[in-house]
**Q** 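My questions will all concern the structure given below.
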Amino acid sequence: MVGILGKASGVSRGVAVMDFILRIVALIATLASAIAMGTTDESLPFFTQFIRFRAQYDDLPMFTFFVVANAIVSAYLVLSLAISVFHIIRSHAQNSRVVLIFLDTAMLALLTAGASAAAAIVYLAHKGNTRTNWFAICQQFNSFCERTSGSLIGSFGGMVVFVLLILLSAITLSRR
């Protein structure tokens, strides 16, 4: 019986270590996305050097929401690392895992909302919409579009990691 409990404890500890690593990966992805979008800025001259067109992330509220959502999720991930370390030490803790599932799901929803709103605007920036006279700006503001697209990739990567975290916690709880 002791051998079985020891093996189960080792598996639980391994799952807790995997949870910790996934949280660090999600933190890097969401923080990098927030920084990349928050520092996006490009200006182009128009006729003369004194008249310039600017494209900044805070020109559009959807990009601002994206940055704030990724920053909130990053802060949550930093705080949840402490609980993840607690799970490594006490691998049989259940109540904190249930709380993490709920909080992880809420953060996944926030991250999805921010990334989806920003993705719609990035799509318009790349393709435009001729019916509403919104022209594609990515031919002129190339660097701006590359950075916003790159930050979306990081955010969607963070969403995938959150889904894995939720599944990992649910599987761990169902085994008990």
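Everything numeric here is computed off the predicted structure, so don't read it as measured data. Heavy atoms only: backbone and side chains are in, while hydrogens, waters and symmetry mates are out.
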**Q** Which pair of non-hydrogen atoms, one from Leu168 and one from Asp19, has the smallest distance, and what is that distance?
**A**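 Scanning both residues, the minimum pair turns out to be CD2-N, 3.8 Å.
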**Q** Would you mind listing the cluster partners of Ile35? Hydrophobic ones only (ILVMFWY), side-chain contacts under 4.5 Å, chaining allowed.
**A**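 The other cluster members (ILVMFWY side chains, heavy atoms under 4.5 Å, direct or chained) are Leu31.
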**Q** Identify the heavy atoms of Met159 and Leu108 that sit nearest to each other, and give their distance.
**A**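 Distance-wise, the nearest heavy atoms are O-CD1, 3.7 Å.
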**Q** With a 3.5 Å distance limit and no angle check, can you tell me whether Arg23 reaches the backbone of Leu77 through a side-chain donor-acceptor pair?
**A**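 Here the side-chain-to-backbone pair does not exist.
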**Q** Using the rule that two of Ile, Leu, Val, Met, Phe, Trp, Tyr join whenever any of their side-chain heavy atoms come within less than 4.5 Å, decide whether Leu79 and Leu103 are in one cluster.
**A**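 Hydrophobic grouping puts Leu79 apart from Leu103.
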**Q** Would you check if there is a donor-acceptor pair between the side chains of Thr30 and Asn70 at a distance under 3.5 Å?
**A**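 Judged by distance alone, the side chains do not pair up.
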**Q** Do Asn95 and Val99 come within less than 4.5 Å of each other through their side chains, counting heavy atoms only?
**A**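 When only atoms from C-beta onward are counted, Val99 and Asn95 do not touch, as no gap falls below 4.5 Å.
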**Q** Roughly how far, to the nearest 0.5 Å, is OG1 of Thr172 from CD of Gln94?
**A**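 Those atoms lie 10.5 Å apart.
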**Q** Could you give me the CA-CA distance, side-chain angles and deciding distance for Val122 and Phe63, then say whether side chain to side chain contact (heavy atoms under 4.5 Å, CB included) is met?
**A** CA-CA 9 Å; Val122 168; Phe63 286 163; 3.9 Å; yes
**Q** Does a side chain donor of either Arg147 or Thr39 reach within less than 3.5 Å of an acceptor in the other side chain?
**A**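 Judged by distance alone, the side chains do pair up.
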**Q** How close do Ser155 and Leu111 get, heavy atom to heavy atom, and via which atoms?
**A**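 Reported closest heavy-atom pair: OG-CD1, 3.4 Å.
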**Q** Quick one: CE on Met37 to OG1 on Thr64, what's the gap to the nearest 0.5 Å?
**A**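 Result: 9.5 Å between the selected atoms.
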**Q** To the nearest 0.5 Å, how far apart are CD1 in Ile24 and CG in Leu81?
**A**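 Answer rounded to 0.5 Å: 5.5 Å.
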**Q** Tell me whether Ser116 contacts the main-chain N or O of Ala113 through its side chain, where contact means a donor paired with an acceptor under 3.5 Å.
**A**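 Here the side-chain-to-backbone pair does not exist.
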**Q** Taking all non-hydrogen atoms of both residues, which atom of Ser33 and which atom of Ser151 are closest, and how far apart?
**A**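 Heavy atoms of Ser33 and Ser151 come nearest at OG-O, 2.8 Å.
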**Q** Looking only at non-hydrogen atoms, find the nearest pair between Ser96 and Phe86 and report the distance.
**A**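 Closest approach of Ser96 to Phe86, heavy atoms only: OG-CE2, 4.0 Å.
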**Q** Heavy atoms, side chains only, cut-off 4.5 Å: are Leu110 and Phe65 in contact?
**A**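 With C-beta onward as the side chain, the pair touches.
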**Q** Please check if Phe162 and Ile153 belong to a single hydrophobic cluster, counting links between Ile, Leu, Val, Met, Phe, Trp and Tyr side chain heavy atoms closer than 4.5 Å.
**A**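 Phe162 does not cluster with Ile153.
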**Q** Hey, which of Leu152, Thr148, Leu60 is the one that makes side-chain contact (heavy atoms from CB on, under 4.5 Å) with Ile121?
**A**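 For Ile121, the side-chain contact (heavy atoms from CB on, under 4.5 Å) check succeeds only for Leu60.
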**Q** Show the nearest heavy-atom pair for residues Gly154 and Ala29, with the distance to one decimal.
**A**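 Heavy-atom minimum between the residues: O-CB, 3.4 Å.
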**Q** Do Ile83 and Leu167 belong together in a cluster built from hydrophobic side chains that touch within less than 4.5 Å?
**A**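 Linked, Ile83 and Leu167 end up in one cluster.
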**Q** Is there a side chain to side chain contact (heavy atoms under 4.5 Å, CB included) between Leu100 and His87 once you walk through the steps?
**A** CA-CA 11 Å; Leu100 270 183; His87 287 154; 3.5 Å; yes
**Q** Check whether the side chains of Ser169 and Arg97 place a donor and an acceptor atom closer than 3.5 Å, and report yes or no.
**A**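 Looking only at side-chain atoms, Arg97 and Ser169 do not form any donor-acceptor pair under 3.5 Å.
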